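Treat the numbers as computed from the prediction; the structure is a model and nothing was measured. Note: hydrogens, waters and symmetry copies are ignored here, and every other heavy atom, side chains too, is used.
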Amino acid sequence: EAGVVQSPRYKIIEKKQPVAFWCNPISGHNTLYWYRQNLGQGPELLIRYENEEAVDDSQLPKDRFSAERLKGVDSTLKIQPAELGDSAVYLCASSLGLAGSTYNEQFFGPGTRLTVL
Amino acid sequence: GENVEQHPSTLSVQEGDSAVIKCTYSDSASNYFPWYKQELGKRPQLIIDIRSNVGEKKDQRIAVTLNKTAKHFSLHITETQPEDSAVYFCAFYSSASKIIFGSGTRLSIRP
């Protein structure tokens, strides 16, 4: 079974340019997460989707970041315009979904390493 | 706010010895505490988890303990091997169903 797929794996752009990341979750996983991981730190949640609905985007910098999951499967995270401080690894994860008190394991993708020059 | 403190930030142990990583969390309503291992340049992977209805869980050389009263949980790795070298993250699910990660512990195993 294929895991979470992300592309591209690496991206180098100049500041003020736009950039987009793509994620394909594990088949059947209703919940999708986007995280940002700075060097030497743990992942920080940017946005969480339950199917196509963004249920937690409180940590997403909405002035420059946007995300979508139109059909409840693939998702795209966009930054426009990018700033130097956006350099990080952007991780996508998916899980079966939360049901009551059941916590489902999150499976992470390989991440996209973004470098903003 | 919701946060988890993880210690130490780096840990070096002799191969065969034990390693212990400790975390303290802020949200008393938390019920689920996973631990992730991230090798250099790779994705985080779940290695063990514990729910609030138990105080300890063991899986071969890895164990996790939970003290809900003190809001502490710890990862124990016994008989460490070179392949245990990685960054380990503790985490908890906040009452808002959001996972909060610790800052990580870089574990090095000395031959």
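Residues Trp35(B) and Ile50(B) fall within the same hydrophobic cluster, defined by Ile, Leu, Val, Met, Phe, Trp and Tyr side chains chained together at heavy-atom separations under 4.5 Å.
The aromatic ring centres of Phe33(B) and Tyr25(B) sit less than 6.0 Å apart. Taking the six-membered ring for Trp and the full ring otherwise, Tyr36(B) and Phe101(B) have centroids separated by under 6.0 Å.
The number of heavy-atom neighbours closer than 6.0 Å to NZ of Lys11(A), taken from other residues, nucleotides and ligands shown, is 12 or below.
Here Trp34(A) pairs with Ser75(A) under the side chain to side chain donor-acceptor pair (under 3.5 Å) rule; sequence neighbours left out.
Interface remark: Tyr35(A) contributes side-chain atoms only to the contact with chain B (heavy atom separation under 4.5 Å). With a 4.5 Å cut-off on non-hydrogen atoms, Pro44(B) touches chain A through its backbone and its side chain both. In this structure, chain A has no heavy atom under 4.5 Å from any part of Gln45(B). Within the 4.5 angstrom heavy-atom criterion, only side-chain atoms of Gln59(A), from C-beta onward, approach chain B. Neither the backbone nor the side chain of Glu44(A) has a heavy atom closer than 4.5 Å to any heavy atom of chain B.
For the set Gly40(A), Gly109(A), Ser58(A), the entry with the most heavy-atom pairs within less than 4.5 Å of chain B is Gly109(A).
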